[in-house]
2 protein chains.
Amino acid sequence: MGDHNTDTEAILRRALEASGQRFTEQRSAVFRFLRSTESHPTADEVFLRVRSDVPGISLATVYKSLETLVGCGLAAKLTYGDGSARYDGRTDDHHHVRCLECGSVVDLPGRVDAHEVHRLEASAEGFRVTGVRLELTGYCPGCDTPTSAAPA
Amino acid sequence: MGDHNTDTEAILRRALEASGQRFTEQRSAVFRFLRSTESHPTADEVFLRVRSDVPGISLATVYKSLETLVGCGLAAKLTYGDGSARYDGRTDDHHHVRCLECGSVVDLPGRVDAHEVHRLEASAEGFRVTGVRLELTGYCPGCDTPTSAAPA
DNA sequence: ATCCTTGCAAAGCATTTGCAGTCAC
DNA sequence: GTGACTGCAAATGCTTTGCAAGGAT
């Protein structure tokens, strides 16, 4: 059946090799953590967490590793207007809901209809469209309380 | 028929007054420029351009004015992972296409079907959804050349 | 007259970079 | 052995902030 950690490592090795880059403990730990969580962590959160696997790792290396993973197509970078970027270990096409209060980002199970996307693409005259990004915004269960951010 | 500049100024005055803020030449110039362009300028671009109307204006004031406009609902802030935020004077719900090469952002005429959005909202369990953001990415006519960013 | 805004300069923060030592291949 | 990677610290670039002077109501 294949060991999960072994698979993950093999995926990383293959992707790195394909672009002439080297497999390192640091990159591996960052990749493993990203794959293991659905929390869309910031670089700093990855740093804090990965320190338990690779004690001496530096924040700069975490940034570099994340950038490498994004470059290999093994992770995605999510940017909102709220301070730091977040990273997503899921590489399949999917959407997110984001809480405007606490900033948490959650995966959506559904996907926007491809026909709709094509229709919009057709109106993007002159552009060669290569991607779509869709994001819902609102308030998560924990933040949607009478005391915080009451509806208009 | 209504004078366009007068209308724009009245809109701003009303919105500012509603939130206890004051009408100033600087805010007016920033708002006027944002309304007059479809280029989704960065704060710095707004600054450079608005200097011809208000010679002594500072970059800090441009940032503050933009923030004020966003707060009043008279502008929107667009954030991508590429350096600086961009500002949009259109406040109606619409989508964008963004060039991955040069960073230009263009308005899309169409809108994603509301039923599709509701379907996705339904899958965002626990969240109270208040907004959608959809963005196409790709290469604009000027950047989509054989020499730059050849397809895979 | 009140107190919101401005402009300036300094601070803040996330991210990137230069470089010497180290490690993967 | 070679060239890529790491860790450190300094640098960068966008944005925000503190404060005194100026301006809107």
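Numbered from 1 within each chain, the chains take letters A, B, ... in sequence-line order.
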ILVMFWY cluster, Val105(A) and Val46(A) together (side-chain gap under 4.5 Å):
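No, it is not one cluster - the side chains of Val105(A) and Val46(A) are not joined through contacts under 4.5 Å.
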
Taking only heavy atoms on the protein side, list every residue of [range] lying under 4.0 Å from any atom of DNA chain D, sorted numerically.
| range | value |
| --- | --- |
| residues 29-47 of chain B | none |
| residues 68-86 of chain B | Gly83(B), Ser84(B), Ala85(B) |
| residues 48-56 of chain B | none |

Determine to 10° how strongly the helix from dA1(C)-dT25(D) to dC25(C)-dG1(D) is bent, judged from the axes of its five-pair ends.
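Roughly 40° between the end axes, to the nearest 10°.
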
Salt bridge or not for Glu17(A) and Arg14(A), using N-O below 4.0 Å?
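No, this pair does not count.
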
Reckon Gln26(A) touches a base, only the sugar-phosphate, or nothing at all at heavy-atom distances under 4.0 Å?
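Sugar-phosphate only.
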
Gap separating the CG atom of Asp113(B) from the CG atom of Asp113(A), nearest 0.5 angstrom
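Separation between the atoms: 8.5 Å.
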
Tell me, please, the opening and closing nucleotides of DNA chain D, 5' to 3', among those with an atom under 4.0 angstrom from a non-hydrogen atom of chain A.
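Going 5' to 3' along DNA chain D, contacts run dG3(D) to dA9(D).
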
Would you indicate whether the side-chain heavy atoms of [Y] and [X] approach each other to under 4.5 Å?
| X | Y | answer |
| --- | --- | --- |
| Ser36(A) | Thr8(A) | no |
| Thr130(A) | Arg128(A) | yes |
| Leu48(B) | Glu45(B) | no |
| Glu9(B) | Phe23(B) | yes |
| Thr37(B) | Pro41(B) | yes |

Are Thr42(B) and Phe47(B) close enough, and set up right, to give a side chain to side chain contact (heavy atoms under 4.5 Å, CB included), and what steps lead you there?
CA-CA 9 Å; Thr42(B) 62; Phe47(B) 173 57; over 6 Å; no

Quick one: side chains of residues 53-73 of chain A, donor-acceptor pairs under 3.5 Å with protein atoms, not counting sequence neighbours, listed by atom name and distance.
{"unit_1": "Ser58(A)", "atom_1": "OG", "unit_2": "Thr61(A)", "atom_2": "N", "d": "3.2"}
{"unit_1": "Ser58(A)", "atom_1": "OG", "unit_2": "Thr61(A)", "atom_2": "OG1", "d": "3.1"}
{"unit_1": "Ser65(A)", "atom_1": "OG", "unit_2": "Thr61(A)", "atom_2": "O", "d": "2.9"}
{"unit_1": "Thr68(A)", "atom_1": "OG1", "unit_2": "Lys64(A)", "atom_2": "O", "d": "2.9"}

For the pair Glu121(A) and His118(A), evaluate side chain to side chain contact (heavy atoms under 4.5 Å, CB included) and give the outcome as yes or no after the intermediate values.
CA-CA 5 Å; Glu121(A) 277 183 38; His118(A) 285 127; 4.0 Å; yes

Which pairs count as ring-ring contact (aromatic ring centres under 6.0 Å, His included) when at least one residue sits in residues 87-117 of chain A, sequence neighbours excluded?
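Those involving residues 87-117 of chain A are His40(A)-His96(A), His94(A)-His96(A).
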
Test Leu12(B) against Ser28(B) for side chain to side chain contact (heavy atoms under 4.5 Å, CB included), laying out the working first.
CA-CA 7 Å; Leu12(B) 178 57; Ser28(B) 179; 4.1 Å; yes

Quick one: hydrophobic cluster around Leu136(B), which other residues, with the 4.5 Å side-chain cut-off, linked directly or via members?
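Leu136(B) shares its hydrophobic cluster with Val97(A), Val106(A), Leu108(A), Val112(A), Val117(A), Leu120(A), Phe127(A), Val129(A), Val132(A), Leu134(A), Leu136(A), Val97(B), Val106(B), Leu108(B), Val112(B), Val117(B), Leu120(B), Phe127(B), Val129(B), Val132(B), Leu134(B).
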
For Ser58(B) and dG7(C), is the shortest distance between a side-chain N/O and OP1 or OP2 below 4.0 Å?
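Yes, because at least one side-chain N or O of Ser58(B) sits under 4.0 Å from OP1 or OP2 of dG7(C).
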
Can you see which heavy atom on Cys99(A) is nearest to which on Cys102(A), and at what distance?
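Smallest interatomic distance, heavy atoms only, reads SG-N, 3.5 Å.
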
Taking all non-hydrogen atoms of both residues, which atom of Thr91(A) and which atom of Ala75(A) are closest, and how far apart?
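Closest approach of Thr91(A) to Ala75(A), heavy atoms only: CG2-N, 3.8 Å.
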
Should the heavy atoms of other residues, nucleotides or ligands under 6.0 Å from CZ of Arg49(B) be counted, would the total exceed 12?
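Open.
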
Using the 3.5 Å cut-off, write out each protein N or O paired with an N or O of nucleotides 10-12 of chain C and the distance between them.
none

Can you run down the salt bridge (Lys or Arg N to Asp or Glu O under 4.0 Å) pairs that involve residues 68-90 of chain B, sequence neighbours left out, and say none if there aren't any?
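Pairs touching residues 68-90 of chain B that pass the test: Arg90(B)-Asp92(B), Arg90(B)-Asp107(B).
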
List for me each residue that meets side chain to side chain contact (heavy atoms under 4.5 Å, CB included) alongside Glu135(B), sequence neighbours excluded, and say none if there are none.
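Here the qualifying residues are Arg133(A), Tyr80(B), Arg98(B), Arg133(B), Thr137(B).
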
Letter by letter from the 5' end, nucleotides 20-25 of chain C scores (B base, S sugar-phosphate only, - none; protein heavy atoms under 4.0 Å) ----BS

Using a 3.5 Å distance criterion without hydrogens, assess whether the side chain of Glu116(B) forms a donor-acceptor pair with backbone atoms of Glu116(A).
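Not a single qualifying donor-acceptor pair exists.
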
